[in-house]
Amino acid sequence: MAQSVVEVMEDAKGKVPENLLANGGLKEKMKYLKIDLPSFVTHFEWDMAKYPAKQPLVSVVDTLAKQLAQIETDLKSRTATYNTLKTNLENLEKKSRGNLFTRTLSNIVSKEDFVLGSEYLITLLVIVPKPSYTKWQKTYESLSDMVVPRSTKLIAEDNEGGLFTVTLFRKVIEDFKTKARENKFTVREFYYDEKEIKREREEMSRLLSDKKQQYQTSCVALKKGSSTFPDHKVKVTPLGNPARPAAGQTDRERESEGEGEGPLLRWLKVNFSEAFIAWIHIKALRVFVESVLRYGLPVNFQAVLLQPHKKSSTKRLREVLNSVFRHLDQVAAASILDASVEIPGLQLNNQDYFPYVYFHIDLSLLD
């Protein structure tokens, strides 16, 4: 989900973290807030309404699985539509960026460059290498019979050559093409069709507009106030301007925020939050199940979150934890010191097993 936000916001990647937020939690005053991920995790509470604790574990897991499966299905469908739009736009852009032999000419030519509606005359477009400009001017009238004198005009050029018009009688088209080819002039197969050119231009504008609308963000005016709730110490990250303090968003403010966002980005933000919250619930489930399996019933354990101040202190923290809790599982503690000791019944690398139940939560979703 995070990666999809990055792809959709390709023109505003600096604002991606502002859009990877979670709903504030179950407390009434925080219910409609968007908060940063570490704050959500450190103040996590089980959502009894969504995942009733009185239900069997298998039912809770099934609810979580169905929710995430639906999000994944919708994500695939929406990103497929977006990618098709993006590919079509890129193909059109490639046509407008190529050389004079391959690029579209709809944004180069105009109606005034051609003789239109004539039964006998036609205007051709000829690509002439830059070193041959003088030769073209001297010879184009004599390449074939029935070429209109002084009818050539340079209408575009790139690094390799120029695009010239020339008007002649329809009956000598093939003869003119042959003579032009012999002189290293290339007649570009193009016939002016006003309706087709208009359609191509409109298609480009539509695709550009549609793509932009998928991720367009709004500037939301938030109330002035502290960015921290004293009773929860939760930092609220304001959308659109991370440097600006905010007291959080009310229902009305959340609605006004959505008005300026494209449908895909809005959907990604909402469902990123839903998927993230479900993920943390799964972590909590795993801690509970593993702890019951490890320590038995009745339930007698405490789950805590530990965050090292810096990466280099992780090893030291692990040593302290192993020392404090080694009495809970002597075999595991011994295996940490001696890699040759096997833990019966477990097909795990000894480095992943500790005397205490441990699960890693990595919030660096963009790394």
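Remember, it's a predicted structure, so these values are computed and weren't measured experimentally.
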Does [Y] offer a backbone N or O that forms a donor-acceptor pair with the side chain of [X] under 3.5 Å?
X: Asn99; Y: Phe101; value: yes
X: Ser273; Y: Asn23; value: yes
X: Tyr140; Y: Arg150; value: yes
X: Ser39; Y: Ile35; value: no
X: Ser118; Y: Val115; value: no
X: Asn322; Y: Arg318; value: yes
X: Asp158; Y: Leu100; value: yes
X: Thr42; Y: Pro38; value: yes
X: His281; Y: Asp47; value: yes

Distance in Å, [X] [atom1] paired with [Y] [atom2], rounded so as to fall on 0.5 Å steps:
X: Gln70; Y: Glu72; atom1: CD; atom2: CD; value: 10.5 Å
X: Asp113; Y: Ile155; atom1: CG; atom2: CD1; value: 4.5 Å
X: Ser132; Y: Lys138; atom1: OG; atom2: NZ; value: 12.0 Å
X: Ser4; Y: Glu7; atom1: OG; atom2: CD; value: 5.5 Å
X: Leu37; Y: Trp279; atom1: CG; atom2: CH2; value: 8.5 Å
X: Lys283; Y: Leu305; atom1: NZ; atom2: CG; value: 11.0 Å

Less than 4.5 Å apart, any side-chain heavy atom of [X] and any of [Y]?
X: Val287; Y: Ser291; result: yes
X: Thr167; Y: Phe114; result: no
X: Leu75; Y: Met1; result: yes
X: Leu163; Y: Val126; result: no
X: Asn300; Y: Tyr295; result: no
X: Leu168; Y: Asp145; result: no
X: Phe176; Y: Met146; result: no
X: Leu143; Y: Trp136; result: yes

Mind listing the closest non-hydrogen atom pair of [X] and [Y] along with its distance?
X: Met48; Y: Ala53; answer: SD-CB, 3.6 Å
X: Phe44; Y: Ala284; answer: CE2-CB, 3.9 Å
X: Pro355; Y: Leu328; answer: O-CB, 3.6 Å
X: Leu317; Y: Pro308; answer: CD2-CG, 3.9 Å
X: Ala275; Y: Leu68; answer: CA-CD2, 3.9 Å
X: Pro52; Y: Val60; answer: O-CG2, 3.7 Å

So does [X] pair up with [Y], basic N to acidic O under 4.0 Å?
X: Glu18; Y: Lys15; result: no
X: Lys50; Y: Glu274; result: yes
X: Glu182; Y: Lys179; result: no
X: Arg286; Y: Glu290; result: no

### Message
If you apply the rule side-chain contact (heavy atoms from CB on, under 4.5 Å), what do you find for Leu85 with Thr87, and how did you get there?
### Response
CA-CA 6 Å; Leu85 169 66; Thr87 300; over 6 Å; no
Is there a path of hydrophobic side-chain contacts, each under 4.5 Å between heavy atoms of I/L/V/M/F/W/Y residues, joining [Y] to [X]?
X: Val289; Y: Leu64; value: yes
X: Leu116; Y: Phe169; value: no
X: Val58; Y: Leu297; value: no
X: Val187; Y: Ile108; value: no
X: Val6; Y: Val8; value: yes

### Query
So Phe40 and Leu363, side-chain contact (heavy atoms from CB on, under 4.5 Å) or not? Walk me through it.
CA-CA 11 Å; Phe40 177 86; Leu363 299 182; over 6 Å; no
### Message
Run Leu265 and Met9 through side-chain contact (heavy atoms from CB on, under 4.5 Å) and show every step you take.
### Response
CA-CA 8 Å; Leu265 178 59; Met9 296 189 68; 3.9 Å; yes
### Query
Is atom NZ of Lys130 surrounded by more than 12 heavy atoms (other residues, nucleotides or ligands) closer than 6.0 Å?
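Counting other residues, nucleotides and ligands, NZ of Lys130 exceeds 12 neighbours.
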### Lys198, NZ: over 12 other non-hydrogen atoms inside 6.0 angstrom
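For Lys198, atom NZ is not crowded (no more than 12 foreign heavy atoms under 6.0 Å).
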#### Entry: Arg294 to Tyr356 six-membered ring, cation-pi geometry met (6.0 Å, 45°)
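Pair Arg294/Tyr356 does not count as cation-pi.
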### Query
If you measure only the distance, is there a donor-acceptor pair under 3.5 Å linking the side chains of Ser59 and Asp62?
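The answer is no; no qualifying pair exists.
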### Message
Under a 3.5 Å cutoff, is there a donor and acceptor pairing between the side chains of Gln67 and Tyr51?
### Response
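There is such a pair between these side chains.
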### Message
If you apply the rule side-chain contact (heavy atoms from CB on, under 4.5 Å), what do you find for Phe276 with Asn271, and how did you get there?
### Response
CA-CA 8 Å; Phe276 179 81; Asn271 286 276; over 6 Å; no
### Task
Using the side chain to side chain donor-acceptor pair (under 3.5 Å) rule, take Thr165 and Thr123 through it: C-alpha gap first, then chi angles, then the decisive distance, then the call.
CA-CA 6 Å; Thr165 60; Thr123 300; over 6 Å; no
### Message
Would Tyr133 and Phe164 count as a ring-ring contact (aromatic ring centres under 6.0 Å, His included) here? Give the steps.
### Response
CA-CA 10 Å; Tyr133 279 10; Phe164 288 80; 5.3 Å; yes
### Query
Which is it for Asp74 and Ser77 under the side chain to side chain donor-acceptor pair (under 3.5 Å) test, yes or no, and what are the steps along the way?
CA-CA 5 Å; Asp74 291 347; Ser77 172; over 6 Å; no
